[in-house]
Amino acid sequence: MSRNFEITASLICGDPLNLERSVCDIIGADIDRIHFDVMDGVCVPRFGLYPEILVGVRKLTDLPVDVHMMVTNPEPYIEMYAKAGATIFYVHAENNSNLHRTLKLVRDAGMKPGVVLNMATPVCVLDYILADIDYVLLMAINPGIVGYTIIDAVYTKIRDVKTLIGGRSIKIVIDGGVTLESSATMVRAGADVLVCGSSTIFRPAEGPLAELTKKFLKSVTTQLEES
Ligand code: DX5
Ligand code: ZN
């Protein structure tokens, strides 16, 4: 079935004792990309995945792997993640005193630069860096915790970012709050990529990941066709 949005599987929602199995499940499903959360326990109240895991993932798949840096200072890790095989390298706009420089370092390292905005961060922080980014990731929850409930203001924010980027080839990605109920509205508002986690496809008690992905895609595409 053709669709006008991509889905990316949030690996941190996989089985912590068997991530290899989780990666193989993702490869075997109709999933476009892998989302790779990195956390330092300071920037967000949790610890996440790390570069050695990405090296292992790369031995299993050529799928794009998008690294979401929820750390206080991402710059020292740019080369490390580029070497490990990251596709996109997302940095948060908050607490970054030289975002332009960070994004340039990301591109120079051979990765696609993406900027992440937490809910309270205004869209205007993108005004002067639109030429330097390929992706904008909007947090629809407060970052770092899986399974949080969506903050509804994200729908307005998606439309605002869509207007701001105009004809530029920048993609809008939504992280958190992606559910069977919210996804079609997100895509209609302008979202290009949805991060799927514990609310959608990582629910082992409800069935295998490939089946839940199929169900999710069918439901969202049907809702989009009906609108
Ligand atoms: C980001 C989160 C997400 C999360 C989103 O801070 O870690 O990547 O998995 O999906 P849900 O909320 O469905 O687990
Ligand atoms: Zn994330």
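Quick caveat: nothing in here was measured; it's all calculated off a predicted structure. Note that ligands are numbered from 1 as they come in the structure, with each ligand's atoms numbered from 1 the same way.
Of all protein heavy atoms, the one lying nearest to atom 3 (C) of ligand 1 is D175 OD1, 3.1 Å. S198 OG, 2.7 Å is the protein heavy atom nearest to atom 14 (O) of ligand 1. Distance from atom 10 (O) of ligand 1 to its nearest protein heavy atom, with residue and atom name: G197 CA, 3.7 Å. Among protein heavy atoms, the minimum distance from atom 13 (O) of ligand 1 is reached at S199 OG, 2.8 Å. Scanning the protein for heavy atoms near atom 12 (O) of ligand 1, the closest one is G147 N, 2.9 Å. Closest protein heavy atom to atom 6 (O) of ligand 1: G144 N, 2.9 Å.
The environment of N95 atom CG is sparse: at most 12 non-hydrogen atoms of other residues, nucleotides or ligands sit within 6.0 angstrom. Annotation for D127: atom CG counts as buried by contact number, over 12 foreign heavy atoms lying within 6.0 Å. The environment of E94 atom CD is dense: over 12 non-hydrogen atoms of other residues, nucleotides or ligands sit within 6.0 angstrom.
The Zn ion (ligand 2) forms the vertex of an angle spanning ND1 of H68 and OD1 of D37; to the nearest 10 degrees it equals 90°. Between the NE2 atom of H35 and the OD2 atom of D175, the angle taken at the Zn ion (ligand 2) works out to 100° after rounding to 10°.
Side-chain contact between V65 and R33: absent, with no pair of heavy atoms (C-beta onward) separated by less than 4.5 Å.
By the criterion of a heavy-atom distance under 4.0 Å, the side chain of C13, and not its backbone, is placed next to ligand 1. Residue contacts with ligand 1 for S10 involve side-chain atoms from C-beta outward but no N, CA, C or O (heavy atoms, distance under 4.0 Å). With a 4.0 Å heavy-atom cut-off, ligand 1 is reached by no atom of T179. At a heavy-atom distance under 4.0 Å, no atom of H68 approaches ligand 1.
Rounded to the nearest 0.5 angstrom, T61 OG1 and I27 CD1 are separated by 4.5 Å.
Contact atoms of ligand 1 toward M70: 6 (O) (distance under 4.0 Å to a heavy atom of the residue). The ligand atoms of ligand 1 that sit less than 4.0 angstrom from a heavy atom of P143 are 6 (O). Within ligand 1, the atoms closer than 4.0 Å to a non-hydrogen atom of G176 are 5 (C), numbered from 1 in the order shown.
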(message) Walk me through whether D134 and R107 qualify under salt bridge (Lys or Arg N to Asp or Glu O under 4.0 Å).
(response) CA-CA 10 Å; D134 293 331; R107 198 171 305 275; 3.0 Å; yes
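Using a 4.0 angstrom heavy-atom cutoff, D37 counts as in contact with ligand 1.
Side-chain N/O atoms of H68 and D66 include no donor and acceptor closer than 3.5 Å. The closest side-chain donor-acceptor pair between Q223 and S219 falls under 3.5 angstrom.
Classification of D32 and R3 as a salt-bridged pair holds, one side-chain N sitting under 4.0 Å from a carboxylate O. The residues K171 and E6 are annotated as not salt-bridged, no charged nitrogen and carboxylate oxygen being separated by less than 4.0 angstrom.
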